[in-house]
Amino acid sequence: RQDLDSARDFIRQLLPTRTEFQRVSMAYTSIPSAQVGGDILGYFPLDEDHVGFYLLDVSGHGVASALLSFSVHQTLSVVNGPSSVVFKGEGEEKQIRPADEVVTKLNEIYSQDSSNHLYFTMVYAVLNKKTGELNYCAAGHPPIIWVQQEAGTTQFLGDDNFVVGMFDFADYTQETIRLGAEDEVWLYTDGITEARVGDEFYTE
């Protein structure tokens, strides 16, 4: 029990502390289950105009899931050198990698270990803070919610992409939308959709 509590506290320390970026606000709520799990999120500036963010959910519960979520978090944190999955190229050739390429790289890394039977769902996205263009890849994850303030509407966004880390042949696609100045994008895990309201699942 102490090991599980320590793992949960460690994962909590990895969550972002900064919430304000120029033109963009981030906010999140993390309520761990009684047993440590594999949900983790992150966001970070990629350059002056772009912010990257992600939410992932490793299958199962326990220390193994927590360790895999930590590993993916660390992989996404590498921003320099050939090991980076969020950038490609070096020096003046350095470019932000599109969302589908980031997820593809993660799948290449985490589907190689035949002894590891865990996989994860995720959303990875790149937002242009000036134009509002959002490039995203949803891999086996519950759909994104796009709240369009001017139109007063909400819309589900998502793709039929594979989960990550299970199939080395998986191919991933991305989509692009343009956010309005007051629009919101909500990401969540199945901790919400599989919560029960009486005898029924909450669902999307």
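Everything numeric here is computed off the predicted structure, so don't read it as measured data.
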Practice problem: Tell me, please, which residues at least two apart from R178 pass salt bridge (charged side-chain N to carboxylate O under 4.0 Å, His left out). | Solution: E133
Quiz prompt | With D49 via salt bridge (charged side-chain N to carboxylate O under 4.0 Å, His left out) - residues at least two apart | solution = K130
Is there a side-chain contact between [X] and [Y] in this structure, where contact means two heavy atoms from C-beta onward sitting under 4.5 Å apart?
{"X": "L118", "Y": "F120", "value": "no"}
{"X": "H141", "Y": "T189", "value": "yes"}
{"X": "I144", "Y": "W186", "value": "no"}
{"X": "P82", "Y": "E90", "value": "yes"}
{"X": "V126", "Y": "P98", "value": "no"}
{"X": "W146", "Y": "T154", "value": "no"}
{"X": "S30", "Y": "R12", "value": "no"}
{"X": "M26", "Y": "P16", "value": "no"}

Quiz item: When you look at N80 and F87, which way does the side-chain contact (heavy atoms from CB on, under 4.5 Å) test go after all the steps?
Solution: CA-CA 7 Å; N80 292 309; F87 289 100; over 6 Å; no
Heavy-atom closest contact ([X] atom, [Y] atom, distance):
{"X": "V86", "Y": "Y124", "answer": "CG1-OH, 3.5 Å"}
{"X": "S65", "Y": "G60", "answer": "OG-C, 3.3 Å"}
{"X": "T104", "Y": "Y172", "answer": "OG1-CD1, 3.7 Å"}
{"X": "C137", "Y": "A99", "answer": "N-CB, 3.7 Å"}

With rounding to the nearest 0.5 angstrom, report the [atom1] to [atom2] distance, [X] to [Y].
{"X": "F162", "Y": "Y119", "atom1": "CZ", "atom2": "OH", "result": "13.5 Å"}
{"X": "Q148", "Y": "E182", "atom1": "CD", "atom2": "CD", "result": "13.5 Å"}
{"X": "D171", "Y": "N107", "atom1": "CG", "atom2": "CG", "result": "10.0 Å"}
{"X": "H73", "Y": "L68", "atom1": "NE2", "atom2": "CG", "result": "13.0 Å"}
{"X": "D183", "Y": "L134", "atom1": "CG", "atom2": "CG", "result": "10.5 Å"}
{"X": "I145", "Y": "Y188", "atom1": "CD1", "atom2": "OH", "result": "4.5 Å"}

Exercise. Could you please spell out the steps behind the side-chain contact (heavy atoms from CB on, under 4.5 Å) verdict for I109 and V85?
Key: CA-CA 10 Å; I109 294 169; V85 300; 3.8 Å; yes
Quiz item: Does any pair with a residue in residues 95-111 pass salt bridge (charged side-chain N to carboxylate O under 4.0 Å, His left out), and if so which ones, sequence neighbours excluded?
Solution: K88-E101, R97-E101
Should [X] and [Y] be counted in the same cluster of Ile, Leu, Val, Met, Phe, Trp and Tyr side chains packed under 4.5 Å apart?
{"X": "L14", "Y": "V58", "result": "yes"}
{"X": "V185", "Y": "F21", "result": "yes"}
{"X": "F70", "Y": "L76", "result": "yes"}
{"X": "Y136", "Y": "Y28", "result": "yes"}
{"X": "F167", "Y": "L106", "result": "yes"}

Self-check item: Row check, Y202 ring normal vs R196 NZ/CZ: under 6.0 Å, within 45°
Solution: no
Examine distances only and state if a side-chain atom of [X] and a backbone atom of [Y] form a donor-acceptor pair shorter than 3.5 Å.
{"X": "T75", "Y": "S71", "answer": "yes"}
{"X": "S84", "Y": "G81", "answer": "no"}
{"X": "D190", "Y": "P142", "answer": "no"}

Quiz item: Going through the checks in order, is the side-chain contact (heavy atoms from CB on, under 4.5 Å) test met by V72 and I40?
Solution: CA-CA 9 Å; V72 180; I40 199 165; 6.0 Å; no
Practice problem: Go through the steps for L187 and F53 under the test side-chain contact (heavy atoms from CB on, under 4.5 Å), then give the verdict. | Solution: CA-CA 10 Å; L187 281 62; F53 60 92; 4.1 Å; yes
Self-check item: E48 atom CD, neighbour heavy-atom count above 12 within 6.0 Å
Solution: no
Quiz item: With under 30° as parallel and over 60° as perpendicular, where do the rings of F44 and Y54 fit, or are they tilted in between?
Solution: tilted
Quiz prompt | Partner of N135 under side chain to side chain contact (heavy atoms under 4.5 Å, CB included), chosen from N128, T176, I177 | solution = T176
